[in-house]
Amino acid sequence: MNSRFNLHHSLFIGFCATLLVVIKSMLRMKLGFSGHSMFLMSVFYLVCYGATNKVGSMTLCGLLAGMLAMILGVGKGGLFILLKFTLPAIAMDIGLLFIATLFSLRVRLILLASIGSVAWALKSGVQDILLGMDINIVLIQFGINCLSGGAFAVLGALLVPLILKRLDAHDLLIKNGMRDK
């Protein structure tokens, strides 16, 4: 397997990052519970992985999405916006290094989404600690964020095989050995 990204992969990752930021900015809803942003992040990051079958594709998508969100002013938080998008993607890519061939595609996607949601919740926990919150409250909030973010991330991960199947049916994926086992 070639470890380099070709033009097709790079354009697809850029498209996913742009679409993630655009949809996220269009749907700026406050649903009243945390974690709903992990749904879109896990869908787009995992579609990038499924389409390219390369370690680093999720990190690249997260980095591009974070920079685009900073440029467009989506959300608040400055540099924390970049961390919000990039940290889950990096965690998912690191997790992929350990589980790349161990499980079927569906189980891999669910595990990667769960890993990403823990990293997403960790970013919020660090932010809360920097704001001076009591450690007990930070830990409770971290647990709630892990559970709610994990639920949304797993829901997003369950959609990815369907999306990949539709992309493959329309010959939009390069044949690179990624198959649902």
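On a predicted model such as this, the values are computed, not experimentally measured, just so you know.
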* Asked: Can you list every pair that meets side chain to side chain donor-acceptor pair (under 3.5 Å) and has a residue in residues 122-135, with sequence neighbours left out?
  -> Lys123-Gln127
Could you pull out every donor-acceptor pair under 3.5 Å between side chains of residues 78-86 and any protein atom, sequence neighbours left out?
unit_1: Thr86; atom_1: OG1; unit_2: Leu82; atom_2: O; d: 2.7

* **Distance, nearest 0.5 Å, that separates CG of Leu19 from CG of Leu40** => 9.0 Å
* To do: Apply the test side chain to side chain contact (heavy atoms under 4.5 Å, CB included) to residues Phe39 and Leu159: give CA-CA distance (whole Å), side-chain angles for both, the deciding distance (0.1 Å), then the verdict.
  => CA-CA 10 Å; Phe39 178 79; Leu159 288 178; 3.4 Å; yes
* Structure fact -> Hits for side chain to side chain contact (heavy atoms under 4.5 Å, CB included) against Leu72, two or more places apart or cross-chain, chain-then-number order -> Val21, Leu68, Val74
* Answer whether the closest heavy-atom distance between the side chains of Trp120 and Leu87 falls below 4.5 Å. => no
* **Co-members of Leu7 in a cluster of I, L, V, M, F, W and Y side chains, linked at under 4.5 Å** => Leu11
* Output the rest of the hydrophobic cluster of Ile110: all Ile, Leu, Val, Met, Phe, Trp and Tyr residues reachable through side-chain heavy-atom contacts under 4.5 Å, sorted by chain and number. => Val154, Leu158
* Contacts of Val160 that satisfy side chain to side chain contact (heavy atoms under 4.5 Å, CB included) - sequence neighbours left out -> Leu46, Val47, Leu109, Leu164
* To do: Output the distance between atom CG (Leu112) and atom CE (Met92), rounded to the nearest 0.5 Å.
  => 5.5 Å
* **Rounded distance [0.5 Å steps], OG in Ser104 versus CZ in Arg108** => 7.0 Å
Identify each donor-acceptor pair in which a side-chain atom of residues 55-65 lies under 3.5 Å from a protein atom, sequence neighbours left out, and give them as a table.
unit_1: Ser57; atom_1: OG; unit_2: Thr52; atom_2: OG1; d: 3.2
unit_1: Ser57; atom_1: OG; unit_2: Lys54; atom_2: O; d: 2.9
unit_1: Thr59; atom_1: OG1; unit_2: Asp93; atom_2: OD2; d: 2.5

* To do: Measure the spacing between CE of Met38 and CG of Asn145 and express it to the nearest 0.5 Å.
  => 11.0 Å
* Asked: Members other than Met133 in its cluster, when Ile, Leu, Val, Met, Phe, Trp, Tyr link by side-chain heavy atoms under 4.5 Å?
  -> Ile129, Ile135, Ile137, Val138, Leu139
* For the student: nearest non-hydrogen atoms of Ser42 and Ala153, plus distance -> OG-O, 3.2 Å
* Asked: Given the rule in the side chain to side chain contact (heavy atoms under 4.5 Å, CB included) test, do Leu102 and Phe98 qualify, once you have shown the distances and angles that lead to the verdict?
  -> CA-CA 8 Å; Leu102 296 179; Phe98 296 106; over 6 Å; no
* To do: Report the residues that fulfil side chain to side chain contact (heavy atoms under 4.5 Å, CB included) with Ser10, sequence neighbours left out, ordered by chain and then residue number.
  => Phe5
* Asked: Residues two or more places apart in sequence or in another chain: which of them pass side chain to side chain contact (heavy atoms under 4.5 Å, CB included) with Val22?
  -> Thr18, Met26
* To do: State, yes or no, whether a side-chain contact exists between His9 and Asn6 at a heavy-atom distance under 4.5 Å.
  => yes
* Asked: Got a sec, which hydrophobics cluster with Val118, joining ILVMFWY side chains under 4.5 Å apart, including via others?
  -> Leu122, Phe142
